[in-house]
*Asks:* 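One structure coming up, written as structure tokens, with questions to follow.
Atoms within each ligand, like the ligands themselves, are counted from 1 in listed order. Note that the structure is predicted; figures quoted are calculated from it, not measured.
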Amino acid sequence: MDDKSKKKPLWGGRFAEGMDPLMVRFGASLPFDRQLYQEDIEVNIAWAHALRGIGIISEDELKDIENGLDRVRDEIESGSFDWDIKFEDVHTAIEARLTEFIGDAARKLHTGRSRNDQVATDFRLFVMKAIDGLSMEIRELQSAIIETARENMDIIMPGYTHLQRAQPVRFSHYIMALFWMLERDLGRLIGCRKRADSMPLGSGALAGSAFPVDREALADELGFSAVSDNSIDAVSDRDFATETAAALSILIAHLSRYAEDFIIWSSAEFGFIELPDAFSTGSSMMPQKKNPDSLELVRGRTGRVFGDLIALLTFQKGLPLTYQKDMQEDKEPLFDAIGALSDCLEIFAGVLDGLKLNPDRMAEMGDEIFATDLADYLTRKGMPFREAHHVVGELVLHAEISGGKLSGLSLETYRKHSGLFEEDLFSLFDAAHSADLRAITGGTAKEAVEKQITAAEELL
Ligand code: ARG
């Protein structure tokens with residue numbers, strides 16, 4: 001390798017030779033951490049104020065730094081910034097460009113600070129902002145859910161356990177379950193944000209800065225509500241990124257289960273729903289196909305988000321304190337998970353918005369789905385539930401063997417199994433009636449679901 005092709009980086013004083021181009025490429029985080037440019041510039045400006053506060057830079061130098069950083073931001077946002085990989089990361093690239101613009105003042109900016117506390121600060125700010133964005137998207141999806149639930153109050157469908165028909169439920173009740181899952185997801189993310197909201201800046205490389213900057217004022221300026229209590233903790237831990245990825249994993253697992261239900265229900269075999277054209281695709285070969293690609297990708301992306309969490313957990317396992325370059329691996333997985341969830345939440349709201357229900361197909365739920373109600377009927381007349389369960393089980397078997405329907409058996413046949421049966425048993429074969437028997441809080445009766453939706457609306 002020709003030595004002249006090996007460039008010396010900013011920290012190159014101690015080195016006799018430059019880096020191998022392969023190492024330059026391998027070591028660079030710039031291709032992905034350039035996403036942090038806004039936070040990095042904010043942190044630089046705040047740090048310049050802090051240095052001014054202790055007399056390290058003059059008022060003129062502060063002005064130069066502020067104006068220079070504005071120019072850097074403009075360049076980045078207009079797309080003309082030179083994101084050359086030789087700069088290694090976003091912090092170095094911005095500082096290098098600032099130095100080209102304003103010279104010596106820029107060389108003072110890194111006083112008392114390290115990229116270790118700088119990157120931890122940038123990244124925490126980024127995560128806090130990302131959580132704010134995702135929280136809004138969760139709220140939007142929750143609103144779409146409530147709207148769908150309100151519009152379809154009288155649609156009853158078979159509810160499933162083990163993917164076997166179990167008991168009739170209101171579609172509204174089914175879709176509102178997602179509202180509450182999302183409510184907990186939001187709570188988890190807000191918790192993550194609270195713990196991310198602690199400013200590492202001033203921790204230096206690991207031991208704390210030897211320059212007595214006003215950390216509280218810095219935190220105020222940057223929008224942190226607290227400063228870190230321990231510099232070693234502040235530059236070492238990436239728990240805020242890990243727990244955010246965990247919260248996002250749980251969130252996408254919720255979406256993935258609903259995606260799966262909707263995919264199955266949109267098949268001809270179920271025919272419960274039709275997905276909007278805008279979120280479906282066709283087949284290149286089979287003209288009749290309408291494929292639920294949007295939801296398949298929500299389901300598919302779930303694997304990637306879980307992978308992001310595992311990547312974060314794994315690079316930290318057994319890692320010595322404090323900063324290690326391994327920790328540069330914290331960004332891509334979290335960026336990926338945040339991007340995935342942002343898309344999936346929006347896609348899901350779009351699908352819900354254009355979803356068509358087919359209540360007639362849902363209503364074809366068979367008689368056996370009322371078996372619990374028949375057993376409850378006997379129980380209300382004094383028969384122990386276990387016995388009632390057995391009696392109705394025998395009636396189900398009887399209907400099956402005779403090839404008839406449960407509602408088609410004669411009262412005489414019913415009475416052979418239990419003298420407690422009377423003519424009114426036949427009124428039990430009614431899905432709305434069955435649902436409305438469950439008027440308990442959290443149940444699927446119309447009044448209970450209405451109460452539930454009202455409680456949900458109060459949260460929005
Ligand atoms: N690009 C690095 C990262 O994302 C910045 C911190 C570098 N610190 C260091 N001691 N090399 O982790």
*Asks:* Using a 3.5 Å cut-off on N or O atoms only, is His91 in polar contact with ligand 1?
*Replies:*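 There is no such contact.
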
*Asks:* Got the closest protein heavy atom to atom 5 (C) of ligand 1, with its distance?
*Replies:* Asp89 OD2, 3.5 Å

*Asks:* Look only at interatomic distance and state if Gln328 has a nitrogen or oxygen under 3.5 Å from any nitrogen or oxygen of ligand 1.
*Replies:* yes

*Asks:* Just to confirm my output: which protein heavy-atom neighbour is closest to atom 11 (N) of ligand 1, and how far is it?
*Replies:*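 Minimum-distance protein heavy atom for atom 11 (N) of ligand 1 reads Arg115 NH2, 3.6 Å.
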
*Asks:* Considering the heavy atoms of Val119, write down every atom of ligand 1 situated less than 4.0 Å from one of them.
*Replies:* 4 (O), 6 (C)

*Asks:* Thr314 side chain to Ala311 main-chain N or O, any donor-acceptor pair under 3.5 Å?
*Replies:* no

*Asks:* Check whether any side-chain N or O of Asp436 sits under 3.5 Å from a backbone N or O of Lys446 as a donor-acceptor pair, and report yes or no.
*Replies:*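 Yes.
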
*Asks:* Which residue and non-hydrogen atom of the protein lie closest to atom 4 (O) of ligand 1, and at what distance in Å?
*Replies:* Lys331 NZ, 2.5 Å

*Asks:* How far is atom 6 (C) of ligand 1 from its nearest protein heavy atom, and which residue and atom is that?
*Replies:* Tyr323 OH, 3.5 Å

*Asks:* Can any side-chain N or O of Asp343 pair as donor or acceptor with the backbone N or O of Ala340 at less than 3.5 Å?
*Replies:* no

*Asks:* Side chain to side chain donor-acceptor pair (under 3.5 Å), that's the test. Do Thr92 and Asp89 meet it? Break it down for me.
*Replies:* CA-CA 6 Å; Thr92 314; Asp89 57 28; 2.7 Å; yes

*Asks:* What is the closest protein heavy atom to atom 10 (N) of ligand 1, and at what distance does it sit?
*Replies:* Asn116 OD1, 3.0 Å

*Asks:* Going by the angle between their ring planes, with limits at 30° and 60°, are Phe270 and Phe272 parallel, tilted or perpendicular?
*Replies:*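 The rings of Phe270 and Phe272 stand perpendicular, inter-plane angle above 60°.
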
*Asks:* Quick check: Trp265 with Tyr174 (ring centres under 6.0 Å apart)?
*Replies:*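 Centroid separation for Tyr174 and Trp265: below 6.0 Å.
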
